[in-house]
Protein chains: 2
Amino acid sequence: MKRSSRLSLALHALVHLHKQPDEAITSSTLAQCLMTNPVVVRRVLGTLREAGLVASTRGHDGGWRLLRPAGEINLRQVYAAMGESLLIRTESDPGDIACGIVRTVNAVMGDFLADAEALLAARLERVSLDDIAREATPNPLHPHHGNHHHG
Amino acid sequence: MKRSSRLSLALHALVHLHKQPDEAITSSTLAQCLMTNPVVVRRVLGTLREAGLVASTRGHDGGWRLLRPAGEINLRQVYAAMGESLLIRTESDPGDIACGIVRTVNAVMGDFLADAEALLAARLERVSLDDIAREATPNPLHPHHGNHHHG
DNA sequence: TTTCATGTAACTTTTATTGTTACATTATTA
DNA sequence: TAATAATGTAACAATAAAAGTTACATGAAA
């Protein structure tokens, strides 16, 4: 795994958990699916656990499970749980703000990004984990071309 | 300069050029204002030049100028010129797409981000360089609190 | 008590960005 | 034409952020 983000790792793991609800999946197994390291999986799923989306059990037959139906988990929750911004940061470092222009650019961009953030969150809320899972195993009636969540 | 992005550097430089329209400003002078290196300034402004927003002249009394009135330059143009995405990339590396779930996650997120990108671009288009420049020298009638471009 | 799993700290590797040096190119001016 | 002052750009170094790895403690079940 090179350029992936924790967000897409999280989504990928959640889909796997959703598709195998009967038994817990270990970090090692997930790591193979996600082509990464068990510790990385624990780090990512650990933050999802703090958000109440998954649970982990230790010891024999331990591993990770979904705590809620996939239809009740939306991407906004996942994205919020990961604490990542979908938007880049444009602020300069603290030493720079002596310049009034820098402050203004930061302020304008900050306002813009805050607006945009809210906008994106509202859109993410409309995509559920189940939406993704359904696309991952296309219904024969709806072949898997790119007719996604638009609208 | 540590965490700044090329986008905010570009905006900062453009405001400076706007505020001093009478003579060209050199990379070195701008570098001092932006607290960075002349070469970095050239790199950033070089891409803005390709987009037709600024011009550079070499030799004696050379430097950088704005090519258009600040009211005709909007943030969408700047952002497009810089070739940067405001959104993070969530795609995994090519080796990962053997997994159908990864492909689906990538596809869904890709669609979402493409939508979001268009949305943000439309909003950026409504902010002009002049808007920023005016805030940087607040009109006494409109003190400089955070009444920015919302709406 | 052995085994298997997570929890987590510490460290290394990798990648992207930024900063820097050096020098060629071009334009102006004395 | 020579000196000067600027950009253009390649090549490299430094930095920071992210991911990968190792090692081991902790907890639960057989």
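Model, not experiment: these values are computed from the prediction. Heavy-atom basis, side chains included; hydrogens, waters and symmetry copies ignored. Chain A is the first sequence line, chain B the second, and so forth, proteins listed ahead of strands; every chain is numbered from 1.
A distance-only check finds no donor-acceptor pair linking the side chain of B:Asp111 to the backbone of B:Val108 [under 3.5 Å]. A:Arg6 places a side-chain N or O within donor-acceptor distance of the main-chain N or O of A:Met82, the cut-off being under 3.5 Å. When atom types are taken as modelled, the side chain of A:Asp115 and the backbone of A:Phe112 share no donor-acceptor pair closer than 3.5 angstrom. The main-chain N or O of A:Ala122 is never found under 3.5 Å from a side-chain atom of A:Glu125 such that the two would form a donor-acceptor pair.
The side chain of A:His60 lies closest to D:dA30, out of C:dT29, D:dT22, D:dA30. Closest to the side chain of B:Val39, out of C:dT29, C:dA5, C:dT20, is C:dT20.
A close approach under 4.0 Å does not occur between any side-chain nitrogen or oxygen of A:Thr36 and OP1 or OP2 of D:dA19. Distances shown here put a side-chain N or O of A:Ser56 below 4.0 Å from the OP1 or OP2 atom of C:dG7. Between A:Ser27 and the phosphate of C:dA5, there is no side-chain N or O to OP1/OP2 separation shorter than 4.0 Å.
Rounded to whole Å, the distance from CZ on B:Arg65 to C1' on C:dA27 is 14 Å. At whole-Å resolution of the value, CG in B:Asn37 and P in C:dT17 are 18 Å apart. In this structure, the CH2 atom of A:Trp64 is 14 Å from the P atom of C:dA5, given to the nearest Å. Taking atom CE of residue B:Met82 and atom P of nucleotide C:dA16, one finds them 18 Å apart after rounding to whole Å. Taking atom CG of B:Leu7 as the reference point, atom C1' of C:dA16 lies 17 Å away to the nearest angstrom. The CG-P distance, from B:Leu48 to D:dT7, rounds to 15 Å in whole Å. For A:Asp61 and C:dT6, the CG to P distance is 11 Å, given to the nearest whole Å. Across the protein-nucleic acid pair, B:Met35 atom CE and C:dT20 atom P stand 11 Å apart, rounded to whole Å.
A donor-acceptor contact under 3.5 Å links the side chain of A:Arg43 to the base of D:dG20.
Residue B:Ser28 is out of contact with every strand shown, counting any heavy-atom pair closer than 4.0 Å.
The nearest heavy atom of DNA chain D to A:Arg42 and to A:Arg58 marks one nucleotide each, and the one closer to the 5' end goes with A:Arg42. Of the two residues near DNA chain D, A:Gly59 and B:Arg49, the one whose nearest nucleotide lies more 5' is B:Arg49.
Under 3.5 Å, the side chains of A:Ser27 and A:Trp64 contain a donor-acceptor pair of N or O atoms.
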